[in-house]
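These notes concern the structure reproduced below.
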Amino acid sequence: MKRSEREQKLQAIIETEKLLNEIQDVDVLLERLLTEARGIVRADAGSIYVIEGDNLKIKYAQNDTQLRMLSSGDKLPYVAFSFPITENTIAGACVVRGEIINIPDAYQIPENSSFHFNKSTDITTGYRTKSMLTLPLRMANGRVLGVLQVINAQDEEGNVIAFDKDAELYITHFASNATQALEHAYLTNNMIKRMQRMAEFRDPRETGAHVERVSDFALEIYDRWALNHNIPNQEQQRFRDMLKIAAKCHDLGKVGVSDKILKKVTPRFTDEERAIMMGHTCIGALLFTEPESPLDEMARDVCLYHHEWWDGCDKGYPGHIDYSQYIIETPVPKGKPLKGDEIPLSARIVALADVFDALSHKRVYKEAWSMDDTFMEIQNLSGSQFDPEVVLAFMQVKERILAINSAHEAM
């Protein structure tokens, strides 16, 4: 490649890195990082892994060839698995050695190599993995966060070729700078996790697993909703990044509810206790007041409005009130209910994800509903508790919701 072309390519990489630095959620960033990395080196497919203890866990897998076989708007099956970090696998060897591994043909790895390629997925899907470029995602302090793997480089005619030295240069440069964005996102993620843990200490019925599931469900629902409404890609990327974090904050306000209510063993509250419990919406909103960013605004809206009902009935709360005047440990004042589009989209999505997860999992006061019964209940509440278009998007991604739930259950 000519020098001018190489310089243009590197400049394009720098522009991409600027976009990555605007993303705040770790998972959204990892997915976008994989997408952009594949684009830089014309890779048809790829995966991204994170280190969890002594294992590598897959976070995202992409494959354009397989995606083109699906109906518009559908995603590839949700994958979730982990494996020990050893030199027996390509990704594991990448971590152990701390270096890039460039394989021209995965089916022609020398027999004396410490690692091998597992063909089982190729056999199942009918895909042919050939060229692979695998490199560690390393922080400035040397710590490896995970592994980026891109698969099947293509020439301009779409033929599979090996990753050349230029591809190694571009992907290494990109990954080196992208980890700066990852470090920042991890800091944000850790802060949110500490807030979640604080809420979990206060309310034994609300677990971190519940929060993570609700966040994952909300993202899937929004992605389908955005497709159904032809939301421009840039707007969609910005919204989903904030939603992934804001959804995790939906019940943070419970830190301000008294123990005698939060830790009550029997499920039934008195009318006064129930009204005090409802105050968690206002307390959560107060945590993000005065908002300093669009993310703060969305987190505030999710906290405040995720118990409103689409049809505006009195079951929704807190309604139109001045939440800034709410006094902790007092009954929440009842305002005129919000209705329809008065409820922010983020809160409408989290409302559904929250109820779905609460119904389908065991709580101290109830057994878990079956998945069939839970999906049926969500459909029955379409147009009353939930926005019908949000319910439609939810039902369209049913299989991914089930797969995500199963993956969390296996953790």
Side-chain angles (χ1 to χ4, degrees), residues 1 6 9-10 13 16-17 30-65 79 81-123 125 127-155 159-180 182:
M1 183 179 290
R6 184 177 290 112
K9 190 82 170 181
L10 290 173
I13 292 173
T16 300
E17 290 162 357
L30 287 169
E31 184 179 16
R32 185 69 179 273
L33 193 156
L34 177 58
T35 301
E36 298 297 339
R38 288 176 48 234
I40 289 169
V41 292
R42 291 180 185 267
D44 182 54
S47 302
I48 198 160
Y49 305 87
V50 295
I51 293 177
E52 291 191 353
D54 295 327
N55 292 327
L56 273 172
K57 176 184 177 182
I58 192 166
K59 290 299 291 185
Y60 294 99
Q62 299 173 355
N63 188 306
D64 286 349
T65 294
V79 291
F81 61 86
S82 62
F83 50 90
I85 301 173
T86 70
E87 287 208 48
N88 294 335
T89 64
I90 299 169
C94 176
V95 174
V96 173
R97 300 176 185 181
E99 61 185 30
I100 193 168
I101 297 177
N102 190 344
I103 300 172
D105 190 337
Y107 287 23
Q108 299 296 327
I109 296 174
E111 291 184 4
N112 62 355
S113 175
S114 64
F115 54 78
H116 65 280
F117 175 72
N118 187 340
K119 300 179 183 178
S120 59
T121 302
D122 277 10
I123 294 171
T125 62
Y127 188 74
R128 169 61 160 98
T129 300
K130 193 171 184 181
S131 57
M132 302 180 72
L133 189 60
T134 310
L135 70 158
L137 295 172
R138 187 182 288 106
M139 294 172 61
N141 62 6
R143 175 192 168 198
V144 178
L145 296 173
V147 170
L148 173 64
Q149 188 172 76
V150 288
I151 298 168
N152 284 357
Q154 296 178 323
D155 61 21
N159 301 308
V160 175
I161 58 174
F163 291 98
D164 59 18
K165 290 298 180 182
D166 279 337
E168 287 190 26
L169 169 67
Y170 299 142
I171 205 74
T172 302
H173 185 281
F174 173 74
S176 174
N177 288 283
T179 49
Q180 296 177 20
L182 270 175

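Positions are given from 1, in the same order as the sequence printed here.
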> Tell me, do Val95 and Val147 make a side-chain contact under 4.5 Å, heavy atoms counted?
Replying inline: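 Val95 vs Val147: side chains touch.
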
>> Taking the side chain as everything from C-beta on, heavy atoms only, tell me whether Val50 gets closer than 4.5 Å to Leu137.
In response: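 Not touching, per the 4.5 Å side-chain cut-off.
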
Give, for atom [atom1] of [X] and atom [atom2] of [Y], the distance between the pair rounded to the nearest 0.5 Å.
X	Y	atom1	atom2	result
Glu31	Ile48	CD	CD1	10.0 Å
Met132	Ile151	CE	CD1	4.5 Å
Leu135	Thr172	CG	OG1	5.5 Å

> Looking at Ile100, Ile171, Leu133, which hits side-chain contact (heavy atoms from CB on, under 4.5 Å) with Leu148?
Replying inline: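 When Ile100, Ile171, Leu133 are each tested with Leu148, the side-chain contact (heavy atoms from CB on, under 4.5 Å) holds only for Ile171.
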
Contacts under 3.5 angstrom, residues 51-61 side chains, donor-acceptor by atom type, not counting sequence neighbours:
residue: Lys59; atom: NZ; partner: Asp27; partner atom: OD1; Å: 3.2
residue: Tyr60; atom: OH; partner: Asp27; partner atom: O; Å: 3.3

> In chain order, what residues pass the salt bridge (charged side-chain N to carboxylate O under 4.0 Å, His left out) check against Arg138, with sequence neighbours excluded?
Replying inline: none

> Who passes salt bridge (charged side-chain N to carboxylate O under 4.0 Å, His left out) against Asp64, sequence neighbours left out?
Replying inline: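 For Asp64, the residues satisfying salt bridge (charged side-chain N to carboxylate O under 4.0 Å, His left out) (neighbours in sequence not counted) are Arg38.
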
> Please walk me through it: do Val150 and Ile40 pass side-chain contact (heavy atoms from CB on, under 4.5 Å)?
Replying inline: CA-CA 10 Å; Val150 288; Ile40 289 169; over 6 Å; no

>> Donor-acceptor check, side chain of Ser176 to backbone of His173, threshold 3.5 angstrom: yes or no?
In response: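 It does not hold such a pair.
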
>> Check whether Asn152 reaches the backbone of Ser131 with its side chain - one donor and one acceptor, N or O, closer than 3.5 Å.
In response: yes

> Quick one: ring pair (Phe, Tyr, Trp, His ring centres under 6.0 Å) pairs with a partner in residues 36-59, sequence neighbours left out?
Replying inline: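 Sorted pair list: Tyr49-Phe83.
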
> Given the rule in the side-chain contact (heavy atoms from CB on, under 4.5 Å) test, do Leu30 and Leu182 qualify, once you have shown the distances and angles that lead to the verdict?
Replying inline: CA-CA 8 Å; Leu30 287 169; Leu182 270 175; 3.6 Å; yes

[X]: which residues meet the side chain to side chain contact (heavy atoms under 4.5 Å, CB included) condition with it, sequence neighbours left out?
X	answer
Thr125	Gln66, Thr121, Tyr127
Thr35	Gln62
His116	none

>> According to side-chain hydrogen bond (donor to acceptor under 3.5 Å, both in side chains), does anything in residues 93-106 pair up with another residue at least two apart or in another chain? List the pairs.
In response: Glu87-Arg97, Arg97-Ser114, Asn102-Glu168, Asp105-Arg128

>> Show every side-chain hydrogen bond (donor to acceptor under 3.5 Å, both in side chains) that has at least one partner inside residues 140-149, sequence neighbours left out.
In response: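 Pairs touching residues 140-149 that pass the test: Thr134-Gln149.
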
For [X] and [Y], which heavy atoms make the closest approach, and how far apart are they?
X	Y	value
Ala178	Leu33	CB-CD1, 3.7 Å
Thr65	Asn63	N-OD1, 3.1 Å
Ala167	Asp164	N-OD1, 2.8 Å

> Partners of Asn112 by side chain to side chain donor-acceptor pair (under 3.5 Å), sequence neighbours excluded?
Replying inline: none

> Who are the side chain to side chain donor-acceptor pair (under 3.5 Å) partners of Thr129, not counting sequence neighbours?
Replying inline: Asp122

>> Run the side-chain contact (heavy atoms from CB on, under 4.5 Å) test on Ile101 and Phe115 for me, step by step, so that the C-alpha distance in whole Å, both residues' side-chain angles and the decisive distance to 0.1 Å come before the verdict.
In response: CA-CA 11 Å; Ile101 297 177; Phe115 54 78; 4.0 Å; yes

